[in-house]
Amino acid sequence: MYVAMISLFPELIQAASEHGVLGRALQRKIVDLTLINPRVFASDRHNTVDDRPYGGGPGMVMMCEPLQASVSEAQRQFVAQRPDAAKLPVIYLTPSGEPLTQRVAGELAQLSGMVLVAGRYEGVDERFVDSTVDREISIGDYVLSGGEMPALVLLDAVARLLPGVLGNSASAVSESHLDGLLDYPHYTRPENRPEGRVPEVLLSGDHQAIDRWRRQQALLRTWRRRPDLLSQRPLSAEERKLLAEVLSDLPNG
Ligand code: ADE
């Protein structure tokens with residue numbers, strides 16, 4: 001997947017992208033990441049990329065032109081690599097965007113390329129959004145000082161879904177949120193610690209029982225911590241039974 005990130009702080013992205021799952025995706029050339037600094041496309045001798053907002057107010061707004069030129073550069077590179085390439089979708093990271101969910105990550109993982117625009121300061125000129133941006137995405141209901149970390153969060157969520165990135169392809173599928181539930185708890189050695197023992201069922205070797213316990217724990221956690229997720233996802237009859245059972249087993253249940 002060809003990914004261009006447009007940012008005034010490419011070093012920040014570079015450093016973060018060298019490690020972990022994303023680092024591996026880059027090494028294996030499953031993700032081809034290009035960093036584009038809009039400052040390179042500034043048209044005055046001070047390399048200006050931002051200016052004061054019309055109408056007044058605090059902060060600075062990123063100007064249209066250097067951002068548009070950065071997107072054109074990404075498009076040019078993409079087409080040079082693959083002559084049959086279509087137009088790259090342009091995604092702008094902003095707290096005003098649609099929420100990033102596992103479903104959105106899954107959709108983006110189907111693309112052959114994308115441009116991620118990390119804004120700085122108070123935002124970007126709306127005419128850039130109107131003319132060039134295809135999708136606005138938020139990583140959560142809080143405001144960060146720039147879109148670099150959101151762009152990295154989005155790319156991490158997408159990269160780990162690409163074939164060949166995770167060692168064990170099953171681990172991408174079985175994890176939290178893919179089926180709308182939180183993940184079940186995990187344990188590793190040793191079996192016994194002052195804080196407690198590993199749940200007996202996990203030591204039983206009975207895979208059916210283990211699977212049942214895990215589904216039950218995922219349901220219980222979701223019910224306790226994120227009831228909003230359960231209201232969006234109808235439970236099957238089997239799941240309702242599993243949840244009722246684990247709830248009635250609780251000490252004060
Ligand atoms: N830029 C600043 N805050 C953000 C957020 N929560 N999501 C996406 N981009 C952002």
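Being a predicted model, the structure only gives us computed values, none of them experimental. When a ligand or atom number is given, it counts from 1 through the structure's own listing order. Quick note: numbers below take in every heavy atom, side chains included, and nothing from hydrogens, waters or symmetry partners.
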Does an N or O from [X], backbone or side chain, lie closer than 3.5 Å to an N or O of ligand 1?
X      : answer
Tyr142 : yes
Ile137 : no
Val143 : no

So which bit of [X] gets within less than 4.0 Å of ligand 1, heavy atoms only: side chain, backbone, both or neither?
X      : answer
Thr94  : backbone
Ser138 : both
Asp141 : neither

In the protein, which heavy atom is nearest to [atom], and how far is it?
atom                   : result
atom 7 (N) of ligand 1 : Ile139 N, 3.0 Å
atom 2 (C) of ligand 1 : Leu144 O, 3.3 Å
atom 4 (C) of ligand 1 : Pro95 CD, 3.5 Å

Next on the checklist: With a 3.5 Å distance limit and no angle check, can you tell me whether Asp44 reaches the backbone of Asn47 through a side-chain donor-acceptor pair?
Outcome noted: yes
Next on the checklist: I'd like to know if the side chain of Arg24 reaches the main chain of Val165, judged simply by a donor and an acceptor atom lying under 3.5 Å from each other, with no hydrogens or angles considered.
Outcome noted: yes
Checklist entry - Just one of Thr34, Val31, Leu33, Leu111 clears the side-chain contact (heavy atoms from CB on, under 4.5 Å) bar with Tyr2, so which one? => result Thr34
Next on the checklist: Is the ring pair Trp213/Tyr187 parallel, tilted or perpendicular, if the boundaries are 30 and 60 degrees?
Outcome noted: tilted
Next on the checklist: Pair Arg127, Asp125 - check salt bridge (Lys or Arg N to Asp or Glu O under 4.0 Å), show working.
Outcome noted: CA-CA 5 Å; Arg127 290 166 295 182; Asp125 191 309; 2.7 Å; yes
Checklist entry - Does ligand 1 have any atom that is closer than 4.0 Å to a heavy atom of Gly146? => result yes
Checklist entry - What pair of heavy atoms forms the shortest contact from Ala16 to Leu152, and how long is it? => result CB-CD1, 3.5 Å
Next on the checklist: Restricting to non-hydrogen atoms, name the atom on Glu148 and the atom on Phe9 that form the minimum distance, rounded to 0.1 Å.
Outcome noted: OE2-CD1, 3.8 Å
